[in-house]
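Fair warning: this is a prediction, and the values are worked out from it, not measured in the lab. Hydrogens, waters and symmetry mates play no part in the numbers below; they use all other heavy atoms, side chains included.
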Amino acid sequence: MLPKAYEPQEVEKKLVDKWQQAKLFAAHIDKNKKPFVIVIPPPNITGALHMGHASTNTLQDVLIRAHRMFGEDAYWVPGTDHGGIATQNVIEKKLAKEEHKSRHDLGREAFVQTVWDWYNDCGNAIFNQFRKMGWSLDLSDILFTMDEKRAQAVYECFRRLWEKKYIYRGKRLINWCVRCSTALSDIEVEHEQHAGKLWYLRYKGEDGSDGIVIATTRPETIYADAAIAVNPKDERYKNMVGKKVIIPLANRAIPIIADEAVELGFGTGALKITPAHDATDYEVGQRHNLPIMTVINDKGKMINCPEKYLGMDRDLCRQQTVKDLEAAGLLVKEEKYNNAVSTCYRCHNTIEPFMSEQWFVKMDELAKPAIKAAESGELRFHPESWKTPFVNWLKNLQDWCISRQIWWGHRIPVWYCRHCSQNGLTFATDQQGHEQLTKVSFEDGAKPIVSYHKPEKCPVCGGHDLVQDPDVLDTWFSSALWPMSVFGWPEKTPEMEHFYPTSVMVTGYEILYLWVARMVMMGLEFTGKLPFTDVYLNGIVRDRHGQKMSKSKGNVIDPLDMTAKYGTDAVRFSLLMQAVPSKDIPYSEDSITGARNFCNKIYNASRFILMNMEGIQGPLAMPKDITELADRWILDRYTHAIKTAREGIEKYNLALTANTLYHFLWGDFCDWYVELAKQRFQTADKEKVMALCVNILYGTLKALHPLIPFITEEIAASLRPYVGEKEEFLLNQAYPQFDPKLTDKEAVSKMALLQGVIGQIRTIRSQFNVPPALKITAVLSAKTQEELDVLKAYENYITLMAKVGDLRIGVNMEKPKQTATAVYENITIYVPLTGLIDFDKERKRLEKNLSLAKANIASREARLAQENFLKHAPQEQVEKTREELAAAKLALAQVTASLEDLA
RNA sequence: GGGCAGUUGGCGCAGCGGUAGCGCGUCCGCCUCACACGCGGAAGGUCACAGGUUCAAAUCCUGUACUGCCCACCA
């Protein structure tokens with residue numbers, strides 16, 4: 001005998017091996033089939049799988065498996081991402097913790113090797129997690145954003161954009177992370193509200209006057225001030241524009257200028273302009289041709305300032321400056337102020353706007369086709385509400401800063417001749433005694449040679465002393481090419497030919513701009529085609545209260561712990577039941593138990609059916625001559641469930657698919673069909689019932705297979721002989737189809753009547769504490785011949801499901817003594833309960849029903865009294881209302897009669 | 001400051017023109033020979049608020065109030 005409860009662990013282990021060994025998920029170009037392709041958002045090689053991965057990859061897996069079963073050439077491309085800054089940070093932390101070393105202690109080459117070693121270990125860990133989750137990825141061929149093929153694609157992209165002059169070198173104010181010591185692009189900067197202060201400082205006039213008071217949140221930058229700006233419309237300062245004031249502590253004179261950028265209402269209306277340390281100020285500076293003076297260096301230390309503060313950390317300098325200003329009597333006041341602080345999206349340290357020469361990609365031309373694709377609807381978003389933000393973002397794009405001053409990543413494929421570029425190259429000796437190129441300046445004469453490999457010699461002077469640009473590319477630069485590079489682009493490979501463009505990109509909305517937008521732009525630029533036609537934005541998995549999961553909050557749920565405890569299918573299904581596009585998923589262990597219970601229900605229903613298969617020879621075809629009401633009904637429910645399940649997948653509403661199949665299998669199939677079938681096990685009908693049971697169950701398992709692959713595969717294997725299926729894997733079988741011939745409105749309405757009557761009897765039983773085993777008497781009084789026929793024809797349904805021993809059915813039946821009364825539509829139900837009836841209870845029950853009936857009558861009558869309703873509403877609706885009124889009136893009459901009897 | 005979501009029984013959500021559903025929780029009764037990870041039953045909601053459109057609104061429109069998210073150079 002099989003165990004009572006489903007035990008997933010062994011089953012999962014066994015099936016994962018089987019699937020992988022059978023190479024079930026490998027790419028196989030089949031030109032006769034329509035390709036359905038998803039490239040995985042490659043997880044960073046930074047560590048463990050989290051709930052977010054579990055969610056997004058499960059969604060992709062469901063889509064891939066389902067489309068495969070729909071008969072398409074489905075292929076899910078596996079891979080991982082080198083994850084630039086994030087990975088470098090992880091390794092640096094590890095080095096510091098385990099060996100008390102910094103990357104500089106190792107040197108560039110050794111450090112990069114360390115990361116590669118890490119990749120080789122961690123990569124395997126990631127694949128093992130992929131296996132455990134049952135994701136249909138071919139794990140024998142995992143791609144990596146830094147492997148040779150992908151590196152070639154990155155180079156080719158760089159070269160082509162360079163030749164088109166889209167890639168250029170420029171000196172400007174960029175976002176600098178002092179902690180990560182690198183430049184960042186605009187979207188890698190996050191804005192956080194910090195409780196800070198606003199200081200009011202006095203800049204005295206050069207002529208000895210009181211000068212002007214400004215408000216600032218960054219007093220440490222006063223040493224870099226180039227001007228004071230006021231709004232040209234500001235009457236208060238009109239006569240001061242053009243005069244000079246003295247920077248406190250620095251004692252340097254700067255002019256007062258007028259610029260529209262200054263808000264009249266904020267602070268004092270006067271703004272200090274510090275072009276080197278603030279983006280707005282930089283623009284103002286450009287407009288007024290102000291000098292740029294940098295006082296904070298790339299390490300966050302003070303430079304070019306009064307000697308006292310030289311080398312001081314920027315934060316400390318702020319405190320000291322405020323103290324000194326106060327002592328000098330130049331601090332007018334200090335206010336509490338919440339301001340938006342820019343922080344690094346990787347380490348959350350405060351970003352320093354920093355003047356620097358960097359590599360950029362010119363975006364305006366690249367954005368145009370992407371905007372068009374989104375606006376025209378060629379690129380579809382699920383949900384659609386992301387289309388507008390997407391387009392708006394593209395329309396307001398700044399050029400993309402792609403150079404990073406870190407070591408881990410694709411090295412910029414640009415070389416310099418030490419002879420020809422000597423004035424633009426700065427070298428330093430590192431801790432290993434190697435001379436390293438640390439800084440490149442085109443302004444000072446560096447001449448780029450774009451090449452993947454080190455060029456043989458300088459094309460200008462023929463010199464052999466060539467050095468590579470020290471920077472690496474933004475990790476998103478290689479990610480942007482992912483949907484092409486995975487197929488071998490720029491080569492014209494058969495994979496590129498067949499699988500590109502891909503079908504759908506499934507990812508979180510938090511990387512819509514960082515990643516999705518860039519893939520779209522690059523895809524259009526290099527192939528003329530969108531890299532995918534659909535974008536499915538999935539929500540973020542949060543804790544039960546909607547809080548983001550984080551280690552510091554201690555609310556993290558580890559998907560692998562959960563799969564070990566409840567089974568992978570349960571974890572998958574729990575996520576899918578809540579998978580509405582773009583909607584965040586509140587998640588807790590409780591979410592999983594419900595899904596686990598469902599898996600157990602499937603298991604037990606199957607176990608029961610298999611038990612009753614003993615002695616029956618398969619295969620059993622789906623019977624053709626269906627006459628029994630329950631059979632007609634369940635086939636209608638089944639085919640509708642299949643229809644909705646399929647629609648859910650096609651419309652990216654997997655919650656709909658999951659919930660539909662859940663309720664069909666549990667509510668319709670188990671609670672009603674199988675229960676009713678039990679009484680036919682002893683009859684000549686048995687084989688037909690079993691044929692229906694096994695075929696419907698098998699079909700439902702197929703429909704569920706993309707969602708919960710393990711348990712369905714396991715059970716299907718046992719059922720296969722009974723349905724005559726030869727194919728070993730569900731994935732290679734066809735997804736069930738909606739069959740209009742199985743729909744049966746009449747059966748559904750008859751069944752609803754019986755279910756309603758049974759429900760009323762069950763309620764009475766329960767309310768009067770009738771012992772469950774006790775068979776009771778029930779009298780059903782119908783109003784029409786039609787109803788009578790249904791009740792009579794299926795009285796065995798009622799006796800079984802409501803445990804009725806003596807069932808009397810007729811038209812206008814007499815009300816028995818000491819009876820409980822209920823009304824369902826036009827049927828009056830009497831349950832005589834001599835000795836069991838509690839008159840008080842029954843009176844209360846009836847009174848409740850009485851007021852309900854009255855309310856129903858009132859509302860229907862009111863509606864029917866409106867001439868406009870009769871005139872405008874569809875006839876069907878009017879008819880329905882009339883029927884409802886009649887039923888309510890009947891209920892009122894019956895309940896009133898019963899109440900009178902009680903009195 | 002701009003934009004986008006959300007506001008439905010104790011909790012988490014679905015429904016998105018015909019008058020409320022699900023899961024969990026609660027309460028009552030059951031170890032009914034597939035399943036107590038179960039079975040049967042019950043209680044519990046004027047669908048945030050105010051207007052409007054319509055014969056009819058949780059469902060469409062407008063506004064308000066909260067909540068969350070995204071974007072933005074107010075020092």
Side-chain angles (χ1 to χ4, degrees), chain A residues 2 4-6 187 191 198-199 214-218 221 229 261-274 278-284 337 339-340 342 353 383 385-386 388-389 392-393 396 509-510 512-513 540 542 544-546 566 570 574 577-578 580 582-588 590-591 593-612 653 655-656 659 662-663 667 670-671 674-675 678 758-759 762-773 801-803 859-860 863 866-874 876-878 880-881 884:
Chain A
L2 291 162
K4 272 190 165 187
Y6 174 59
I187 34 176
H191 301 276
L198 190 60
W199 289 276
I214 58 98
T216 182
T217 55
R218 302 204 58 194
T221 63
V262 184
E263 290 279 323
L264 283 161
F266 190 88
T268 61
L271 171 62
K272 76 188 202 65
I273 300 298
T274 319
D278 183 278
T280 311
D281 292 7
Y282 178 75
E283 282 172 26
V284 175
Y337 183 66
N339 63 330
S342 307
S385 54
W386 278 104
T388 312
N392 288 343
W393 184 78
N396 296 297
Y509 54 78
E510 73 276 13
L512 182 65
Y513 308 131
I540 295 169
R542 297 169 175 276
R544 77 169 77 220
H545 305 295
Y566 298 101
S574 64
M577 290 196 59
Q578 302 188 66
V580 175
S582 197
K583 192 139 187 135
D584 287 354
I585 298 176
Y587 203 70
S588 68
D590 293 340
S591 318
T593 55
R596 187 269 319 265
N597 294 353
F598 177 56
C599 290
N600 192 242
K601 188 75 183 177
I602 300 173
Y603 172 78
N604 272 292
S606 309
R607 191 163 68 104
F608 181 66
I609 286 165
L610 280 166
M611 268 169 52
N612 285 287
N653 186 348
L656 179 65
N659 284 296
Y662 176 99
H663 285 110
C670 290
D671 290 347
V674 173
E675 287 306 317
K678 282 177 179 171
I758 290 162
R762 281 172 166 179
T763 301
I764 291 168
R765 288 188 69 112
S766 183
Q767 294 200 323
F768 293 103
N769 297 326
V770 177
M801 301 298 276
K803 297 221 168 89
S859 81
R860 311 298 125 132
R863 211 178 317 160
Q866 281 177 282
E867 210 176 294
N868 276 332
F869 175 65
L870 301 174
K871 215 157 68 186
H872 295 288
E876 207 180 80
Q877 197 57 41
V878 176
K880 196 180 152 206
T881 309
E884 283 166 1

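Contact annotation: the side chain of A/Y566 never approaches that of A/C599 to less than 4.5 Å [non-hydrogen atoms, C-beta and beyond]. Within the 4.5 Å cutoff, side-chain heavy atoms of A/Q578 are placed close to those of A/P586. A heavy-atom distance below 4.5 Å is not found between the side chains of A/Y282 and A/P353. Using a 4.5 Å heavy-atom cutoff, the side chains of A/L512 and A/W393 are not in contact. Using a 4.5 Å heavy-atom threshold, the side chains of A/R607 and A/N604 count as touching.
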note = Once base and sugar-phosphate atoms are separated, protein heavy atoms under 4.0 Å mark nucleotides 52-61 of chain B, 5' to 3', with B, S and - as ---B------
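Separating the CZ atom of A/F608 from the C1' atom of B/rG38 is a distance of 14 Å, rounded to the nearest angstrom. Taking atom CG of residue A/N612 and atom C1' of nucleotide B/rA34, one finds them 9 Å apart after rounding to whole Å. Rounded to whole Å, atom C1' of B/rG21 lies 14 Å from atom CG of A/L656. Remark: C1' of B/rG68 and CD1 of A/I585 are 16 Å apart, rounded to the nearest angstrom. Counting to the nearest Å, the C1' atom of B/rG25 and the CG atom of A/N597 are 14 Å from each other. Atom CD in A/E263 sits about 5 Å away from atom C1' in B/rC74, given to the nearest Å. Between the CH2 atom of A/W386 and the P atom of B/rC4 there is a distance of 12 Å, rounded to whole Å. Here the C1' atom of nucleotide B/rC69 and the CG atom of A/L512 are 13 Å apart, to the nearest Å.
Judged by distance alone, the side chain of A/S591 and the main-chain N or O of A/S588 form a donor-acceptor pair under 3.5 Å. In terms of modelled atom types and a separation under 3.5 Å, the side chain of A/R765 and the main chain of A/P771 share a donor-acceptor contact. At least one donor-acceptor pair under 3.5 Å links the side chain of A/S574 to the backbone N or O of A/A570.
For A/R762, taking side-chain heavy atoms from C-beta onward, the closest of the listed nucleotides B/rG40, B/rG29, B/rU19 is B/rG40. For A/K601, counting side-chain heavy atoms from C-beta on, the closest listed nucleotide (B/rC70, B/rG38, B/rU19) is B/rG38. Looking at the side chain of A/T216, the nearest of the listed nucleotides B/rA42, B/rA75, B/rC35 is B/rA75. Proximity note for A/R607 (side chain, C-beta onward) versus B/rA42, B/rC69, B/rC35: the nearest is B/rC35. Comparing B/rC69, B/rA34, B/rA5 by their nearest atom to the side chain of A/R542 picks out B/rC69. Each of B/rA34, B/rA5, B/rC71 was ranked by its minimum atom distance to the side chain of A/S385; first place goes to B/rA5. Listed nucleotides B/rG41, B/rG23, B/rC28 differ in distance to A/N769; the shortest reach to its side chain belongs to B/rC28.
For A/R218, the salt bridge (charged side-chain N to carboxylate O under 4.0 Å, His left out) partners at least two apart in sequence or on another chain are A/E220, A/E352. Listed by chain and number, the residues in a salt bridge (charged side-chain N to carboxylate O under 4.0 Å, His left out) with A/D278 amount to none (sequence neighbours excluded).
Atom C1' of B/rG25 sits at a distance of 7 Å from the matching atom of B/rG10, rounded to the whole Å. One P atom belongs to B/rG38, the other to B/rA5, and the distance between them is 38 Å to the nearest Å. Using P as the reference atom, B/rA14 and B/rU7 are 7 Å apart when rounded to the nearest Å. Comparing the P positions of B/rG23 and B/rG40 gives an interatomic distance of 11 Å, to the nearest angstrom. A gap of 10 Å separates the C1' atoms of B/rA72 and B/rG3, to the nearest Å. One C1' atom belongs to B/rU59, the other to B/rG52, and the distance between them is 15 Å to the nearest Å. As rounded to the nearest Å, B/rG18 and B/rA57 have P atoms that lie 11 Å from one another. B/rG45 and B/rG9 have their P atoms separated by 10 Å, with the value rounded to a whole Å.
Here the shortest heavy-atom pairing between A/A605 and A/C670 reads CB-SG, 3.7 Å. The heavy-atom pair separating A/G269 from A/V262 by the smallest distance is O-CG1, 3.4 Å. In terms of heavy atoms, A/I540 sits closest to A/D584 at N-OD1, 2.9 Å. The two residues A/A655 and A/V580 make their nearest non-hydrogen contact at CB-CG2, 3.9 Å. Contact between A/T217 and A/Y337 at its shortest, heavy atoms only, is CG2-CD2, 3.9 Å. A pairwise comparison of heavy atoms in A/D281 and A/K272 identifies OD2-O, 3.2 Å as the closest pair.
Listed pair A/N604 / B/rG38 fails the phosphate criterion, with no side-chain N or O lying under 4.0 Å from OP1 or OP2. In this structure, A/K880 reaches the B/rU19 phosphate: one of its side-chain N or O atoms is under 4.0 Å from OP1 or OP2. The phosphate of B/rC24 (OP1 or OP2) has no side-chain N or O of A/S591 nearer than 4.0 angstrom. At the phosphate of B/rA75, OP1 or OP2 sits under 4.0 Å from a side-chain N or O atom of A/Y337.
Nucleic acid contact class of A/A605 (heavy atoms, under 4.0 Å, all strands): base. Residue-level contact check: A/E510 touches neither bases nor backbone, having no heavy atom under 4.0 Å from any strand. Within 4.0 Å (heavy atoms only), A/K871 reaches no atom of the nucleic acid at all. Residue A/C670 is classed as a base contact, given a heavy-atom separation below 4.0 Å to a base. Counting non-hydrogen atoms under 4.0 angstrom, A/V262 reaches a base of the nucleic acid.
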Using nucleotides 9-15 of chain B, report all nitrogen or oxygen pairs with the protein that are shorter than 3.5 Å.
residue: B/rA14; atom: OP2; partner: A/K583; partner atom: NZ; Å: 3.3

Write down the protein N/O and nucleotide N/O pairs, taken from nucleotides 45-48 of chain B, whose separation is under 3.5 Å; answer none if there are no such pairs.
none

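Residues A/Y6 and A/A261 each lie close to RNA chain B; by heavy-atom proximity, the contact nearer the 5' end of the strand is made by A/Y6. Nearer to the 5' terminus of RNA chain B, by closest-nucleotide assignment, is the contact made by A/T388 (compared with the other of A/T388 and A/G759).
Counting only Watson-Crick and G-U wobble pairs whose two key distances fall under 3.5 Å, RNA chain B forms stems of three or more stacked pairs at B:1-7 with B:65-71, B:10-13 with B:21-24, B:26-30 with B:38-42, B:48-52 with B:60-64.
Both tests pass for A/K678 against the ring of A/F608: distance under 6.0 Å to the centre and angle within 45° of the axis.
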